[in-house]
Amino acid sequence: MTAIKSSATPKPRKATAPVWGPVIFLLLPFLAVYVAFFIWPAIQTIVLSLTNSGLTETGAFVGLTNFKTLMADASFWDSLRHTAYFSLLTVIPLTAVGMMLAMLTKAGGRLRQFAQAVFFIPYVLPVSVATLIWQWVLNPSLGVVNAVTGSETAWFSDPALAMPAVAAVTIWWTVGFNMLLFLAGLQNIPQDVYEAASLDGAQGFQVFRYITWPSLWPTTTLVLTLQLVASFKIFSQVYLLTGGGPFDSTRVVLVYMYNTAFTDTNAGYASAIAVAFFIAILLLTLVQNFLLSRTRS
Amino acid sequence: MKRTLIGLTLLTASALATSASAQTTITFWDLLGGGDGARMQQIVDGFNKSQTAFKVQRTTLAWGVPYYTKVRTSSAVGQGPDVAILHLSRLSGWADAKILRPIAPAELSGVGMKSSGFFPKLWSASNYKGQNYAIPLDTHPMVLYYNKDVLAKAGLMGANGMPKSLNSLASFEAAMAAVKKTGALPVSFETGPNAYMPWRLWLALIGQQGGSIIENNKLTYGKLGASTLTTISNWGKNGYVGKNVDYPTSVAQFVNGKAAFMLNGAWEVPTLVDGAKSGKIKFGYGVMPLPKLYATQNTWGDSHAFVIPNNVGKPIAGDKLKGAMQFLAYANKNAMIWASGGLVPANLSVANSAAYKSMKPNSDYAAVAAQNVTYDPLGWYSGAAGPLEAASAKYFPAAMNGQLPVDRAMGLFETEAKKLLTATPKP
């Protein structure tokens, strides 16, 4: 940049203006994949949601009929409630635990790297492995938890416990990533701020309240936003651990969509669920961003 | 020297290539992941060795919705297999949606098969609106497994090596109560969330009382629905079956000798035969048809069959069809291998052969159970892992586990069932 500015050209800005040829050329591979595998299927889903299509045959155009049915569909509203419940059980706990683990392991001295690795390893596991581990650990008759506690609780089969159990597995599985984001955030807080604070007599919780918390706020909002979207998109853990049961008590929106598309072979209606859910997540993220940016200023 | 080597390699390679291209590959998909899968592999290997013109390439996919989704969607775009396994309980829906290619009588007779070679019930289930769509392979009924040692301790073994007088609901429930007093589990049975087994038992017992499930898209079981679900839910309440038992655990309970009975499909027979052979199973066991708890000895059952998917825009080529039919004929002729997996062969001459009749424990249940099989009702929503079974699997286990009152479970099932019954089938 400096070199360009100090050059003899009268209008240096012009030299940095994009040359469209190479830009398009370089963007093309990404754009092609993005359009072919995201934009085009998304458009197709919207089109499908306006038809009464089956799984393998495109049906007739039916306008907004699917959406009208959807608005009156108790199963859809139930699945939205279950999704919201799962998010309630995971978004704030995952953020809080991630932050705590980051602060704990940063203060961990010699064990620091070991502790960070231990907390991060579950995140590396594929979801099938993570859920299999917990199916064994929480198995009602053969699992280690019930063996140690002497309980006979069927964790994933009890309508009151199934969702909290899925949430607990999710926290164990994914918290490592949030911990990494918070560690990066902590690294960005200059050491001299802490030194100045301690000279001014700040101690213990005060340091956290007035230095760490506000300095970490951008990371916190990022984690909260990512987590909200991730929690709303819950599918695999529910599909693998409970299948949406017992009697639909953990059937979240995407499991309902999957069942509609693949068990009931009703692709038109399943697409309507997908489109409605996309709009819901979009609105929610916008509202959340608005609220978080307000609290920041 | 080097050049000769290269030349030789090229020669071998081209020789291999020609022999490979002379062989027509038949792709074959199934959902047989257990002991039955090992036996299917034996049949495939046997066929591939028996001739040189065709090579069957087998792929096993995950049982249930994943399998059926994959066969259906890939055939819709012309990427399906040449041959696939289908549950006959799904045939009416799939034939109606034109996912299957009809098999002409000439194609059948061309490889030496004829309709009279199969159990009539199975042959009619392989036909839809006057056309044949499948070559039936077996019947897999629900049967009753029993542990002789546990039953003897409860004083329930007869002199003939069979459980004493299981010929009414009252006598079966008395037997379960007697077992429970000894501290053993009376019946190992799948009751976990999304379990299909309660549906199968419910369907069998409604059949025993002369009822039916669905006729002309109407629920027809009447009061039998709730009363039968109450009966089996009471087994849960009384501790005769375990609560929230998932499928592998239900098998383990019996295999580990903890249960007096197991109500399950005949497909678990190889687990017991192999277990006894390897010494893992030390107790004496037996297998019998589902006892007559009401008026008849009806049981639930389904059948595996071979089908040729209707690959859209890419109908099966003549030579592939020839190879596929030869493979089906080979599998039918060698149904004895398949029968050793516990399932009752669809091939009449194999089922009536002296070799099959002396096969133990198969011959103890095969004839009676196969005669009394009740299939899932007809309809696009019906059949193995179909939407109707999926609806039952949400609520019936919950009733057995005491999580939902029977009336509520029945009501929730009926709401979903009626939605399916009134909906137009989606291709």
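Nothing here was measured: the structure is a model prediction, and the numbers come from that model. Letters go in sequence order (proteins before strands), and every chain restarts at 1.
- In this structure, chain B has a heavy atom under 4.5 Å from the backbone of A:Thr242, while its side chain stays farther away.
- Both tests pass for B:Arg90 against the ring of B:Tyr68: distance under 6.0 Å to the centre and angle within 45° of the axis.
- Contact count versus chain A (heavy atoms, under 4.5 Å) is highest, among B:Pro387, B:Ala391, B:Ala76, for B:Pro387.
- For a residue to count as touching a neighbouring chain, one of its non-hydrogen atoms must lie under 4.5 Å from one of that chain's; by this rule B:Asn401 does not touch chain A.
- Between chain A and the residues B:Val65, B:Leu388, B:Leu412, B:Thr249, the most heavy-atom pairs under 4.5 angstrom are made by B:Val65.
- Contacts of B:Ala423 with chain A are absent, with no heavy-atom separation under 4.5 Å from either backbone or side chain.
- For A:Tyr269, no part lies under 4.5 angstrom from a heavy atom of chain B.
- Neither the backbone nor the side chain of B:Lys98 comes within less than 4.5 Å of any heavy atom in chain A.
- Ion pairing between B:Lys243 and A:Glu152 fails under the 4.0 Å rule for side-chain N and carboxylate O.
- Between B:Tyr196 and B:Trp63, the angle of the ring planes lies from 30° to 60°, which puts this pair in the tilted group.
- Residue contact with chain A, scored on non-hydrogen atoms closer than 4.5 Å, is absent for B:Glu389.
- Side-chain contact of A:Thr90 with A:Ser231: a donor-acceptor pair under 3.5 Å is present, judged by distance alone.
- When the options B:Phe189, B:Tyr247, B:Phe283 are evaluated for a ring-ring contact (aromatic ring centres under 6.0 Å, His included) with B:Phe254, the one that passes is B:Phe283.
- Taking the six-membered ring for Trp and thresholds of 30 and 60 degrees, A:Tyr256 and A:Phe76 have ring planes inclined between 30 and 60 degrees apart.
- Residue A:Asn139 touches chain B through its side chain alone, counting heavy-atom pairs closer than 4.5 Å.
- Between A:Phe120 and A:Tyr123, the ring-plane angle classifies as tilted under the 30° and 60° cut-offs.
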